[in-house]
Amino acid sequence: MNAQAPKGTADMLPDVARAWEHLQRVAQELFARYGYEPVYTPLFEHTEVFTRGIGEATDIVSKEMYTFEDKGGRSITLRPEGTASVVRAALEHNLTANGAQAKLYYAGPMFRYERPQKGRMRQFWQIGIEVLGAAEPTADAEVITVLWRFFEALGIPAAIMRLLLNSMGDESCRPAYRDSIAAFIRQHARDLCEECVRRAETNPLRAFDCKNPGCREVMAGASLLRDELCDECAAHYAAVKTHLDALGIPYVEDSTLVRGLDYYTRTVFEIQVDAGLGSQNAIGGGGRYDRLMEAYDGPPTPGLGFALGFERTLLAMQAAGIEVPAPPRAEVFVARVDDSVTAEVFALAQRMRDAGVAAELDHQARSLKSQFKQADRLGARFVVVVGPDELASGEVTLRDMSTREEKRVALDAAPAAVAAALG
RNA sequence: GUGGGUGUAGCUCAGUUGGUUAGAGCGUCGGACUGUGGCUCCGAAGGUCGCGGGUUCGAGUCCCGUUACCCACCCCA
């Protein structure tokens, strides 16, 4: 058979898997300090959760979803992102009933059918947080701060991160602006690329994102949403910035930042780095989605959150020279001199483990010499040598691999002695 | 969906104008006074040269196709 993992997926072997767990540990510890609780939602949902939530016209929904019909005839889709599921779950379980607030975080794989490239996989992992029921700008500033602090906690220097901030307005000011941009594009159609002209009909705001220099030049003449926000949105945006300023979180206002999911309102943000990600640059991003719950026929419920990508975060860390610490695979190696002491060695290793010590032993009938090599490779601080000589006096030899010192200790007392020596 | 690049041992790669048993480094395993590591030395195992056609007396080396991976476009984490 073909042993290759499917296109766009990757096995996470120990070195990578360890980094994965490191990210999750850092996230859990940090998020807990801000009052976020874990939540696990299904990896697949009724397709409607995403089509209604993310938006029919988005790239994600129109061409990137893993959708299939299950044996019951239901249309099922592997989740392409986490927010829609969390909001759906909050609605199902009434987490925000009577004005309650929910602060949740999740971590797990997402699925998008795309051509893989650096920093982009068909199955990729995200960690995200969501705050539901919070309308105040302090919530926006908190979510952004958590994202920023997370990357800092991983050791990514603030100097290489760029936090982009923008407001997308809401239903009272965005539609008019959107129409004006569409009109602007049609007006300058002959100076813009085909793609941008097409955008006038689908998602006009995306034209600001075009990499074509000519388009950028033309779009620079368009009015900015920042200047067209309604009073409420402008005040909210200003307050978010004030709160970020107070915390010293450095942001760059970017009126062209338009995130690709339809559900965003008001605040949107993204953290980018320049090294390690290939042609990608965003390692995390998010925003406010005050109308999303209503898209599911739920009550009006403000919400916001962020998602960050494991793969990209790791690429950024690698580029920054950050190593994920690897603990020794064994603290003590229990070596046997010959087969006559196998039973004692096996039992002793178990007593070490029961005493809380990471202990390893040979399962391949290797020579004593190669057991020492093995112990060295595993990073074991101690080797306990068990042989006929030792056992004759009810003892074992305890060798400190760093100092090469050896001493005899009683067989029964060995686990405690090793545990004590390890501190 | 489109374009470009690459596919030789577990990993990183060499392989001359096509010519006899395909190499190196690292890693793995074993050994270097009979019960002991990291350095050094010696040795061993390990390869359908992505796959299928074609050209040729002969192809890892040329041609065609195919597939996988990588990178980029689109878009996104």
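Just so we're clear, the structure is a prediction, and the values are computed from it rather than from any experiment. Side chains are part of it too, since the values below use all heavy atoms of this structure and drop only hydrogens, waters and symmetry mates. First the proteins, then the strands, lettered A, B, ... as listed; each starts at 1.
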Inset, instruction - Answer yes or no: does atom OH of A:Tyr66 have more than 12 heavy-atom neighbours from other residues, nucleotides or ligands under 6.0 Å? - result: yes
Inset, instruction - Classify the side chain of A:Arg115 versus the base of B:rU2 as yes if they form a donor-acceptor pair under 3.5 Å and no if they do not. - result: yes
Inset, instruction - Using a heavy-atom cut-off of under 4.0 Å over every strand shown, decide if A:Met110 touches base, sugar-phosphate, or nothing. - result: nothing
Legend entry - Secondary structure string for RNA chain B (Watson-Crick or G-U under 3.5 angstrom, | for other-strand pairs): (((((((..((((.....[...)))).(((((.......))))).....(((((..]....))))))))))))....
Inset, instruction - Please say whether more than 12 non-hydrogen atoms of neighbouring residues, nucleotides or ligands are located less than 6.0 Å from OH in A:Tyr40. - result: no
Legend entry - Protein-nucleotide distance (A:Tyr113, atom OH; B:rU2, atom C1'), rounded to Å: 14 Å
Inset, instruction - Whole angstrom is fine here: how far is it from CG in A:Leu378 over to P in B:rU28? - result: 11 Å
Inset, instruction - Quick one: sort the A:Tyr289 and A:Tyr263 rings into parallel, tilted or perpendicular, breaks at 30° and 60°. - result: perpendicular
Legend entry - hbond_proxy A:Gln280 side chain to B:rA72 base (donor-acceptor, 3.5 Å cutoff): no
Legend entry - Candidate list A:Asp339, A:Val385, A:Leu361, A:Asp362, test side chain to side chain contact (heavy atoms under 4.5 Å, CB included), partner A:Val345, passing option: A:Leu361
Inset, instruction - Answer with base, sugar-phosphate or nothing: what part of the nucleic acid does A:Gly278 contact at a heavy-atom distance below 4.0 Å? - result: sugar-phosphate
Legend entry - Nucleotide B:rA77, atom C1' - distance to CE of A:Met317 in whole Å: 16 Å
Inset, instruction - Look at all strands and tell whether A:Arg377 reaches a base, only sugar-phosphate, or nothing, counting heavy atoms closer than 4.0 Å. - result: sugar-phosphate
Inset, instruction - Could you verify whether a donor N or O on one side chain and an acceptor N or O on the other, from A:Asn166 and A:Tyr237, lie under 3.5 Å apart? - result: no
Inset, instruction - Give A:Gln123 one of three labels, base, sugar-phosphate or nothing, depending on what nucleic acid heavy atoms sit under 4.0 Å from its own. - result: nothing
Inset, instruction - Identify, between A:Lys118 and A:Gly309, the residue whose nearest nucleotide on RNA chain B lies closer to the 5' end. - result: A:Lys118
Legend entry - A:Gln117 CD to B:rC69 P, straight-line distance once rounded to whole Å: 14 Å
